[in-house]
Q: 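Pasting a structure here, questions to come.
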Amino acid sequence: SAALVWFLLCPILCVVAPAQAESDTEDSASDTAAVTKPEPVVHLLKLRTVDTEGGMIDPGLTAYVERVVQDADSAGVDALVFDIDTFGGRVDAATVIRDAILDADLLTIAFINNRAISAGALISLACDKIVMVKGGTIGASTPVSGGGEKASDKYVSVMRAEMRGTAERTDRDAEIAEAMVDERIYIPEFSDEVGQPATLTTEQALQYGIADETAESLHALLEIYDL
């Protein structure tokens, strides 16, 4: 919807971390020479659909998100951060965004700022790094029909393959990624803890290598990666 697109169009920001300086003193009589390093440039894209009209990731966003990723990559920015809070959306839309992220050369970071459910989990797994706030969640990626019922095995199979392939590309546990989609996948001990289909809390995602770090703010995230 227009409201959703506007919500996502507005927050594209250029986030710059404080510059660092190096000083070199020649002798006690000389002045201190400070050499300023180039300031890191980070682009931020908010995918926060929980409180927006429509409340989902849909095909209307894909071309825009693709362009944002490609423009950031071409501009040579240091990182692109996705600020994510979503219950998901259309699988076809998520896969286009997933492909754009995987094709980018720049550092991509998923900042799960509450939840990355369903299509949001696929987008997060495509990023080089996943950082979650405390109490966040990721998973529950079983595809559903327009009526909210579980989709046919054909679509479940497609989503399983997308999640597995994405996890393999970003060096994460592919079996856990598939378990987020299909409740028939049982991983001893793991499934008993996170449920079927799998939905992981921040602590669980860190424990099982799905998430890389935890941070309570964008500023804290930037500090983790020296941005």
Side-chain angles (χ1 to χ4, degrees), residues 7-24 32-50 57 61-62 64-86 94 96-116 119-138 166-167 169-173 200-227:
F7 179 81
L8 292 168
L9 283 173
C10 290
I12 299 303
L13 305 175
C14 207
V15 182
V16 180
Q20 299 177 347
E22 295 179 346
S23 60
D24 181 22
T32 299
V35 179
T36 303
K37 293 180 180 179
E39 294 180 339
V41 177
V42 179
H43 286 190
L44 172 67
L45 173 58
K46 292 192 176 183
L47 293 176
R48 302 179 62 83
T49 67
V50 170
I57 296 167
L61 301 176
T62 55
Y64 170 71
V65 176
E66 272 189 301
R67 187 172 70 251
V68 169
V69 175
Q70 292 166 1
D71 288 350
D73 205 24
S74 299
V77 304
D78 295 278
L80 176 59
V81 177
F82 295 84
D83 184 349
I84 299 172
D85 184 14
T86 183
V96 172
I97 296 172
R98 170 253 194 207
D99 291 347
I101 295 171
L102 289 176
D103 289 342
D105 293 323
L106 81 169
L107 174 65
T108 53
I109 304 172
F111 180 35
I112 300 177
N113 195 355
N114 285 332
R115 58 191 63 80
L122 177 63
I123 292 168
S124 298
L125 287 174
C127 293
D128 299 313
K129 303 293 181 182
I130 295 178
V131 180
M132 299 177 67
V133 298
K134 291 180 181 178
T137 52
I138 180 173
T166 304
R169 283 280 298 272
T170 54
D171 295 322
R172 296 188 175 94
D173 192 309
L200 288 74
T201 65
T202 298
E203 289 187 3
Q204 291 166 339
L206 290 167
Q207 176 185 350
Y208 290 104
I210 296 300
D212 300 283
E213 301 283 351
T214 183
E216 293 305 297
S217 67
L218 177 62
H219 179 74
L221 180 152
L222 296 176
E223 287 188 337
I224 290 171
Y225 295 106
D226 296 323
L227 294 170

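Along the sequence shown, residues are numbered consecutively beginning with 1.
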Q: Are D83 and L218 close enough, and set up right, to give a side-chain contact (heavy atoms from CB on, under 4.5 Å), and what steps lead you there?
A: CA-CA 9 Å; D83 184 349; L218 177 62; over 6 Å; no

Q: Please give me the minimum heavy-atom distance between L221 and I109, naming the atom from each residue.
A: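 That closest heavy-atom pairing would be CD1-CG2, 3.8 Å.
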
Q: In terms of side-chain geometry, is the basic nitrogen of D212 or R172 positioned less than 4.0 Å from the acidic oxygen of its partner?
A: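 A salt bridge is present here (some side-chain N lies under 4.0 Å from a carboxylate O).
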
Q: Check V96 against E66 and note the closest heavy-atom contact, atom names and distance.
A: CG1-CD, 3.5 Å

Q: CZ of F111 to CG of D85: how many Å apart, nearest 0.5 Å?
A: 10.5 Å

Q: Can you give me the closest heavy-atom contact between L102 and R169, atom names plus distance?
A: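 Taking L102 first and R169 second, the nearest heavy atoms are O-NH2, 3.3 Å.
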
Q: Walk me through it: do V42 and Y225 pass the test side-chain contact (heavy atoms from CB on, under 4.5 Å)?
A: CA-CA 11 Å; V42 179; Y225 295 106; over 6 Å; no

Q: Supply the atom-to-atom distance I84 CD1 to F82 CZ, rounded to the nearest 0.5 angstrom.
A: 7.5 Å

Q: Count the heavy atoms of every other residue, nucleotide or ligand shown that sit under 6.0 Å from CD of Q207, and state whether that count exceeds 12.
A: yes

Q: Donor-acceptor pair, T166 side chain versus A126 backbone, under 3.5 Å?
A: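 Not at all, since once roles are kept as given, no pair shorter than 3.5 Å links the two residues.
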
Q: What closest approach, in Å, do I123 and A94 show between heavy atoms, and which atom pair accounts for it?
A: CG1-O, 4.2 Å

Q: Between T86 and T49 (side chain of the first, backbone of the second, donor and acceptor by atom type, cut-off under 3.5 Å), is there such a pair?
A: no

Q: When H43 is tested against each of V81, V68, L80 for side-chain contact (heavy atoms from CB on, under 4.5 Å), which residue passes?
A: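 It is L80; the other options fail the test.
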
Q: Using a 3.5 Å distance criterion without hydrogens, assess whether the side chain of D78 forms a donor-acceptor pair with backbone atoms of V41.
A: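 A pair under 3.5 Å: yes.
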
Q: Do side-chain atoms of E216 reach the backbone of K134 as a donor and acceptor pair under 3.5 angstrom?
A: yes

Q: Enter the distance from D105:CG to L107:CG here, rounded to the nearest 0.5 Å.
A: 11.5 Å

Q: Checking the side chain of R48 only, and the main-chain atoms of N113 only, is there a donor and an acceptor separated by less than 3.5 Å?
A: yes

Q: What heavy-atom pair brings A104 and V69 nearest, and what distance separates the two atoms?
A: CB-CG1, 3.9 Å

Q: Of all heavy-atom pairs between L106 and A79, which one has the smallest distance, and what is that distance?
A: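 Taking L106 first and A79 second, the nearest heavy atoms are CD1-C, 3.9 Å.
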
Q: Nearest 0.5 Å, what's the NE2-CG distance between H219 and L227?
A: 11.5 Å

Q: Going from CD1 on I210 to CD1 on I130, what distance comes out if it is rounded to the nearest 0.5 angstrom?
A: 6.5 Å

Q: Measure the spacing between OG1 of T62 and CZ of R98 and express it to the nearest 0.5 Å.
A: 15.0 Å

Q: Only one of D128, D73, T170 clears side chain to side chain donor-acceptor pair (under 3.5 Å) with T108; which?
A: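 Going through the options one by one, the only one that passes is D128.
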
